[in-house]
Each structure stands twice: as structure tokens, then as C-alpha cells.
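Below: the structure, in C-alpha cells.
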Amino acid sequence: AEVNLAVSDLRTSVDYVTVGRKIDLRVTVDNLGQEPVVGAPIELRVEGRCVARRTLKLEQREAQPVEFVHRFTTAGDYRVRVQLPPDSLPADDQRFLVVPVRTAVRALCVGGQDRSARYVAMALQPDPSQVRSVTATRIAAPVLRQTDLVPYDAVFMCNVQGVGRTEADLLREHLSRGGGLVFLLGQQTPPALYNRLLVDVPDDRRVIPARLIGPVPRGDYRFDPRDYAHPIVRPFQGHESSGLLTTPLWRYVQVEPCPTADVALRFDRGDPAIVEETRDRGRCLLVATPASDASPDAVTADAAAWNAWAIWPSFPPLVIELLE
């Protein structure tokens with residue numbers, strides 16, 4: 001019987017590949033023949049050089065995922081190829097991918113009147129003196145309208161009050177170029193203004209993935225990841241000691257997701273905590289509470305504090321997942 005294996009898919013596990021970071025190259029191989037195949041080699045080649053090899057075992061008509069792990073040591077555009085041995089149909093025995101590798105992912109943290117942007121920037125880049133795969137730049141909200149967003153891959157709007165038409169247009173253009181956008185809501189984010197400029201517009205001009213209803217009464221709330229189904233919270237599954245479930249939360253903004261948006265994380269009363277949606281070529285995420293640093297045992301002493309998230313162990317990894 002004729003052997004006919006085909007490489008039907010090849011992709012990276014992340015959108016942005018940076019120097020020195022291990023990534024998964026995910027491949028799908030289909031056995032289109034009528035007989036099982038045992039021992040067929042598959043190679044991963046980077047710039048023509050074989051860097052990894054696997055051996056396949058497929059039943060007839062079976063599709064099998066294959067993962068290669070690779071680390072790029074320098075920046076640039078790399079030609080990646082997955083190669084099967086020649087068979088009765090050579091045209092589908094290989095698949096190509098160009099992987100742009102960057103020195104770092106650049107994030108811009110736009111701050112309101114609290115310290116939310118400072119904590120987000122620290123979670124993304126704890127030590128600015130060290131070379132990392134993420135660089136975080138922090139600016140005050142009034143500076144945003146004079147800032148060129150083209151060099152930045154992601155923009156974090158951290159409890160920002162001053163969003164006008166100019167800022168809305170800048171953020172919309174950022175999404176249209178394929179950029180990432182994260183809004184952290186809080187006491188400085190007026191629902192009426194955000195809805196008017198960022199939600200209640202023609203759908204092709206909408207920026208954020210949910211309507212803002214307003215802050216909930218002060219109480220004792222917790223994050224609820226449900227079944228950890230969403231990629232943002234999936235890394236926390238099985239790691240209950242990471243602090244996600246115990247994060248002290250006392251206030252948040254109640255939001256109503258748009259029909260095409262997904263809820264990644266909820267509060268324990270069922271309201272969305274993180275909402276995400278693909279907008280144009282980019283992606284926007286809405287976090288319904290800011291990054292606050294209040295002491296968890298001083299709730300009544302600081303009535304203005306919304307949470308103690310910024311000093312909780314769940315904060316840095318969750319911010320990184322938001323960036324991813």
C-alpha cells in the first residue's frame with residue numbers, strides 16, 4: 001500500500017518570539033493512507049539545519065500532534081521547515097514558517113492618579129537593569145496623546161481617567177496594527193465616558209470588549225476561575241497556593257461583555273473579572289479591578305482601596321498571562 005503522510009499545520013505556541021526564550025513549535029501530521037505507519041521520522045529544520053527529530057506512529061486516517069521545543073539565540077527572521085520522508089505525494093511532506101524573533105516585547109504602561117501602572121510595569125520587568133524578554137515603559141496619562149504607539153506591542157491603561165477622542169483614536173489605531181491593549185478599571189475610570197467613547201460607537205470602531213455598569217458595593221470578593229478553561233488562567237490550575245483564589249478584593253467595576261467577547265476570569269458572585277476579545281488585527285482585554293497595594297488586614301483603615309492584588313503572589317504571573 002502507498003504511504004501518504006502530510007504535514008497539515010505548523011505554528012508557534014506564542015505570537016511573539018523573543019531571543020533566549022524556549023517556545024513550542026506545534027505540528028500536525030495526517031496519515032492519509034490506508035495502512036498504519038510506524039517509525040517514520042519527522043525533522044525540524046531552522047535555516048536548513050536539522051535541530052530536532054521525532055519518530056511517528058500513526059494509525060490509518062489518524063491526525064497526530066507533534067511538538068518541538070526550540071530556543072532562538074539571536075534576533076531576526078528565521079525560516080523554519082518541518083520535513084517528512086518522501087512518499088507517494090511529496091508536495092505535502094513539508095511545511096514552512098517564517099518566525100520573526102525579537103530582542104524583547106515592548107509594553108507601555110499608562111498610569112492614572114494611583115500607582116497601578118507602577119505595579120504593572122514592575123510585574124512585566126522586575127529589574128530594568130537586566131536584559132529581559134519584556135521591556136516596560138511607564139508614562140502618565142496626559143502624555144499618551146503625544147506618544148507614538150507604533151514601537152509598542154502592548155499598551156496597559158492602568159486606572160486612567162483622562163480618555164478623550166484623541167486617546168480613543170490612538171488606541172483604536174494600535175489595535176488595527178495588531179497591537180495588544182489591556183484596560184485595568186477602578187475608581188478613576190468613569191463608566192459613562194468610557195462607554196461613550198470606547199463602546200457605544202459603530203462596531204468597527206469599538207475598542208473595549210464590555211460596557212461599564214459601575215462599581216459594586218464594598219465587600220469581600222474573590223476570583224473564580226471556574227474550570228480554568230481560558231488560557232489566561234489555565235497555568236494556575238493545580239497551583240492553588242499561587243494565591244489566585246485568595247486574592248483580597250473589596251471593590252470592582254461591574255461590566256457587561258459584548259456578544260463576541262470571552263470571559264477569562266470571574267468574581268465569586270459571577271460577574272466578569274477579565275474579558276477579552278479580538279478587535280481588528282489586535283486584541284483587547286478588560287480587567288474589572290485595578291492594581292492596588294492596600295494591606296489585606298486594614299480594609300476599614302483605607303476605605304479607598306479596592307484590593308491588595310498588587311502585593312499578592314498571583315499578581316505578577318497573571319499580568320504576564322495578560323501580556324501573552
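Bear in mind that the values here come from a model prediction, so they are computed numbers and not experimental data.
- Here Arg283 pairs with Glu276 under the salt bridge (Lys or Arg N to Asp or Glu O under 4.0 Å) rule; sequence neighbours left out.
- Of the possible donor and acceptor atoms, one in the side chain of Arg45 sits under 3.5 Å from a partner among the backbone N and O of Gly48.
- Side-chain atoms of Val160 and Phe183, non-hydrogen and from C-beta on, never get closer than 4.5 Å to each other.
- Checked for salt-bridge contact, Arg222 and Asp224 miss the test: no charged N lies under 4.0 Å from a carboxylate O.
- Across Val19 and Ala75, no two heavy atoms sit closer than the pair CG2-N, 3.4 Å.
- Checking side-chain atoms of Gln64 against main-chain N and O of Lys57 turns up a donor-acceptor pair under 3.5 Å.
- In this structure, the side chains of Leu149 and Leu144 come closer than 4.5 Å at one or more pairs of heavy atoms.
- Under the salt bridge (Lys or Arg N to Asp or Glu O under 4.0 Å) criterion, Arg54 pairs with no residue, sequence neighbours left out.
- Put simply, the side chain of Glu47 gets close to the backbone of Arg79: a donor and an acceptor are under 3.5 Å apart.
- The closest donor-acceptor contact from the side chain of Asn159 to the backbone of Gln188 lies under 3.5 Å.
- Tyr221 is not listed as a side-chain neighbour of Trp250, based on a closest heavy-atom distance of 4.5 Å or more.
- In terms of modelled atom types and a separation under 3.5 Å, the side chain of Thr12 and the main chain of Val14 share a donor-acceptor contact.
- With sequence neighbours excluded, no residue forms a side chain to side chain contact (heavy atoms under 4.5 Å, CB included) with Pro259.
- The distance between the ring centers of Tyr78 and Phe72 falls below 6.0 angstrom.
- A side chain to side chain donor-acceptor pair (under 3.5 Å) with Glu43 is found for exactly one of Arg53, Arg81, Gln83, namely Arg53.
- For residues 172-193, every residue pair satisfying the salt bridge (charged side-chain N to carboxylate O under 4.0 Å, His left out) rule, not counting sequence neighbours, is listed here: Asp169-Arg172.
- Judged by distance alone, the side chain of Arg251 and the main-chain N or O of Gly219 form no donor-acceptor pair under 3.5 Å.
- Here salt bridge (charged side-chain N to carboxylate O under 4.0 Å, His left out) pairs that include residues 257-273, with residues two or more places apart or in two chains, are Arg269-Asp271.
- Looking only at distances, a side-chain donor or acceptor of Trp312 sits under 3.5 Å from a matching main-chain atom of Gly243.
- Counting all heavy atoms, side chain and backbone alike, Ser116 lies closest to Cys158 at OG-CB, 3.7 Å.
- Under the side chain to side chain contact (heavy atoms under 4.5 Å, CB included) criterion, Asp204 pairs with Pro202, not counting sequence neighbours.
- Following chains of ILVMFWY side-chain contacts shorter than 4.5 Å, one can reach Leu58 starting from Leu10, so the two form part of one hydrophobic cluster.
- Residue pairs meeting the salt bridge (charged side-chain N to carboxylate O under 4.0 Å, His left out) criterion with at least one member in residues 181-197, sequence neighbours excluded, do not occur.
- Across all non-hydrogen atoms, the minimal contact from Leu198 to Ala168 is CD2-CB, 3.8 Å.
- Listed by chain and number, the residues in a salt bridge (Lys or Arg N to Asp or Glu O under 4.0 Å) with Arg61 amount to none (sequence neighbours excluded).
- Annotation: side chain of Ile208 is not in contact with side chain of Arg279 (no heavy-atom distance under 4.5 Å).
- Not counting sequence neighbours, the partners of Asp203 by the salt bridge (Lys or Arg N to Asp or Glu O under 4.0 Å) test are Arg206.
- At a threshold of 4.5 Å between non-hydrogen side-chain atoms, the residues Val80 and His70 do not count as touching.
- Side-chain atoms of Glu167 come within 3.5 Å of backbone N or O of Gly164 as a donor-acceptor pair.
- Proximity of a side-chain donor or acceptor of Asp293 to a complementary backbone N or O of Ile311 within less than 3.5 Å is not detected.
- Residues Leu181 and Met157 share a closest heavy-atom pair of CD1-CG, 4.0 Å.
- In terms of heavy atoms, Arg71 sits closest to Gly20 at NE-O, 3.0 Å.
- The aromatic rings of Phe315 and Trp309 sit perpendicular to each other, their planes meeting at more than 60°, with 30° as the lower class boundary.
- By the side-chain hydrogen bond (donor to acceptor under 3.5 Å, both in side chains) test, Glu67 pairs with Arg26, sequence neighbours left out.
- Remark: the backbone N or O of Asp153 is not paired with any side-chain donor or acceptor of Arg106 at under 3.5 angstrom.
- Sorted by first and then second residue, the salt bridge (charged side-chain N to carboxylate O under 4.0 Å, His left out) pairs with a member in residues 314-324 read Arg21-Glu324; sequence neighbours excluded.
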Side-chain polar contacts of residues 88-97 - donor-acceptor pairs under 3.5 angstrom, sequence neighbours left out - could you list them?
from, atom 1, to, atom 2, distance (Å)
Ser88, OG, Val3, O, 2.9
Asp93, OD2, Asp87, N, 3.2
Arg95, NH1, Val7, O, 3.4

